[in-house]
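To keep things clear, I will list the structure first and then write my remarks on it.
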Number of protein chains: 2
Amino acid sequence: MTDQKKTKRRITSVDVAREAGLSRATVSFVLNDTPGQSIPEATRQRVLQAAARLGYTPYAPARTLRSGRSDVVLFVLPDWPQGPTMAELVDRAAQVLAGAGLTLVTHVHTGRDDDLARLWTALAPAAVFGMRPFTAGERAGMKRANIAAVLPSPEQSGHDVGSTLWLNGVGRLQAQYLIGKGHTRLAYVLPDDPRLSALGQGRAEGAAQACAEAGLPVPIVSTIPLDTAAAAETVAGWRQPRTAVCAYNDEVALALLAGMRELGTSLPVIGADDIPAARFAVPPLTTVAQDSGELGARIAAALLRALNGEPSQLDVLPDAGIRVVERESA
Amino acid sequence: MTDQKKTKRRITSVDVAREAGLSRATVSFVLNDTPGQSIPEATRQRVLQAAARLGYTPYAPARTLRSGRSDVVLFVLPDWPQGPTMAELVDRAAQVLAGAGLTLVTHVHTGRDDDLARLWTALAPAAVFGMRPFTAGERAGMKRANIAAVLPSPEQSGHDVGSTLWLNGVGRLQAQYLIGKGHTRLAYVLPDDPRLSALGQGRAEGAAQACAEAGLPVPIVSTIPLDTAAAAETVAGWRQPRTAVCAYNDEVALALLAGMRELGTSLPVIGADDIPAARFAVPPLTTVAQDSGELGARIAAALLRALNGEPSQLDVLPDAGIRVVERESA
DNA sequence: CTGAAAGCGCTAACAC
DNA sequence: GTGTTAGCGCTTTCAG
């Protein structure tokens, strides 16, 4: 039994060159449409066809090693529950990046630090984007690994990107809507999931700002577990009765609705995210929806700018693409 | 002005070798604990310290090019809405793979085919896993790109992995639960999202099997948009009245509940996934929950086996870690 | 036990 | 226009 196939050889550009009866350089030129080369159409086709016939695929590691630039971009996703919102964001970002020949991959980062290091070491991405600012240590590591662009950039750290970027716009809009309905004493209810606390702060702050701007007292903020009884207790416990409540997201809003139902009371509630379940609630949930696709596109664009050397501020309008979906709960 | 820094040079193992006063080979040996080498502890430390001092990070593309093996694993995620379920699956899989020195990255595949090709071309992963079987073309491409392991493997194609793997277990359990409560005429309701149709089939089939095994007629299967009115219409339209209904997932179940509320009728309903909103429904939703972490671990293990050359069947018990969460809707 | 050297597959000067 | 060739950073024989 001859082990003729001990090592299954990879098809290289040399093979293509041989097949086409040309040199590797020529092959490389046409495969990359290297600018500043005038290749006759006939030659072009010969190369292309040879490549197709052989099923040639350029080998990324070699290409990257030589050119010094990878074309993968890494999105580090937060630990928190990923709604449809996040999926949309990533998807649009991927599209925009693809337009520039870059490939987006994601990784949800669940905590352990070395984990992140292994990640960019293994990938050698051209750029990295994270939903939260990176630590100084992480930053240093990526820099040493020659990662060209990292967002959020240090200048905009200090604020959590999530909140700075667009999440406090949500809180603000929730409050504005309620205020527009004549409500004056609001509550802001956050989930007790620790992973969400930073974002919760952001949204609550947004609401507080809106109240302040309207000359109203800032909302009471409460934190609850996702649990009917706890929600009821919280609602019952507000000493100064509230006239309406903003929920961090639709799940919290649903919990609140359930709690109030148990209590036999009822207060207007506005959620956020417009999850599918929102419309089936009793009463159907009024909520704030956002077009995260737009945000994803902006992030991608900022990344692209950063890769071009233009230091880019990721200037996202905080309220881009946010709207309230009015149903019956508020 | 000397442009000493025109190109920010990467720190290489040569630098480490120089810093340590040793050769590159030695450096490589200790950094990879190459087996079959006896390096004196003193030398070892010298290398390690030099590396640390310089902040050296090995450059993956070069390493991959030379060794011929990448340590990236790619998970191609389906287009469909990602529940907490999927997150858990991915997370556990990542952990297991990390244990073997592999790094998992994900990419949600939204359709366009060339997209996928660009993906593995750019990454040159050691292995790829997809939630649905890959097409022959995709398979061929990956093979040419020398990707060592691709799951699901061809032998198990034909069935959608989703359903084969664990999703029809869900349908089966839903039906069994209802049958155990004495119900005899079931309906299975699917969402009209085309992306979900394959999975829907799987779950519905599982339920059908359970019915058949119990000597009952198979469930009527209906497809509805996520919409109260449509749900009501569907429920009202069943000519042979049903005694209970299985929903593809909790969102469909919630729609059904809302529809029946509108109709003033009420039928036992069981959902699937146990999303947070389920417990806040009116009535609180009985549902099937699954331990996807376990599944993720199994997938990772199968991948590892495949990478070791052992052809691996990804033998997942269809019902592993599935249980019903009994609340009030059924 | 350590060092020299040969490539992995590809790109991009530089020659012809 | 097309071919030759020199590395990119790393691993890994093979000598010493």
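Here is the naming used below: chain letters follow the sequence lines, and residue numbers restart at 1 for every chain.
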Separation of C:dG9 P from A:Tyr56 OH (nearest whole Å):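 After rounding, the gap between these two atoms is 10 Å.
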If you check the [X] side chain, which of [options] turns out closest?
{"X": "B:Pro40", "options": "C:dA13, C:dG9, C:dT2", "answer": "C:dT2"}
{"X": "B:Ser38", "options": "C:dC1, C:dG9, C:dT11", "answer": "C:dC1"}
{"X": "B:Asn32", "options": "D:dT4, C:dC1, D:dT11", "answer": "D:dT11"}

Presence of donor-acceptor pair under 3.5 Å, side chain of A:Arg10 and base of C:dG9: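 Flag unset: no donor-acceptor pair detected.
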Can you tell me if the side-chain N/O atoms of [X] get under 4.0 Å from OP1 or OP2 in [N]?
{"X": "A:Arg63", "N": "C:dT11", "value": "yes"}
{"X": "A:Thr43", "N": "D:dT2", "value": "yes"}
{"X": "A:Arg66", "N": "C:dG9", "value": "no"}
{"X": "A:Ser13", "N": "C:dG9", "value": "no"}
{"X": "B:Ser23", "N": "C:dA4", "value": "no"}
{"X": "A:Thr26", "N": "D:dT2", "value": "no"}

Given DNA chain C, 5'-ward residue of the pair B:Ala62 and B:Ile39, judged by closest heavy atom: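 Its nearest nucleotide lies further toward 5', so the answer is B:Ile39.
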Sugar-phosphate, base or nothing in reach of A:Pro61, heavy atoms under 4.0 Å: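 Answer is nothing: A:Pro61 stays at 4.0 Å or more from every strand.
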Sugar-phosphate, base or nothing in reach of B:Thr12, heavy atoms under 4.0 Å: sugar-phosphate
CZ/B:Arg69: more than 12 non-hydrogen atoms of other groups inside 6.0 Å: no
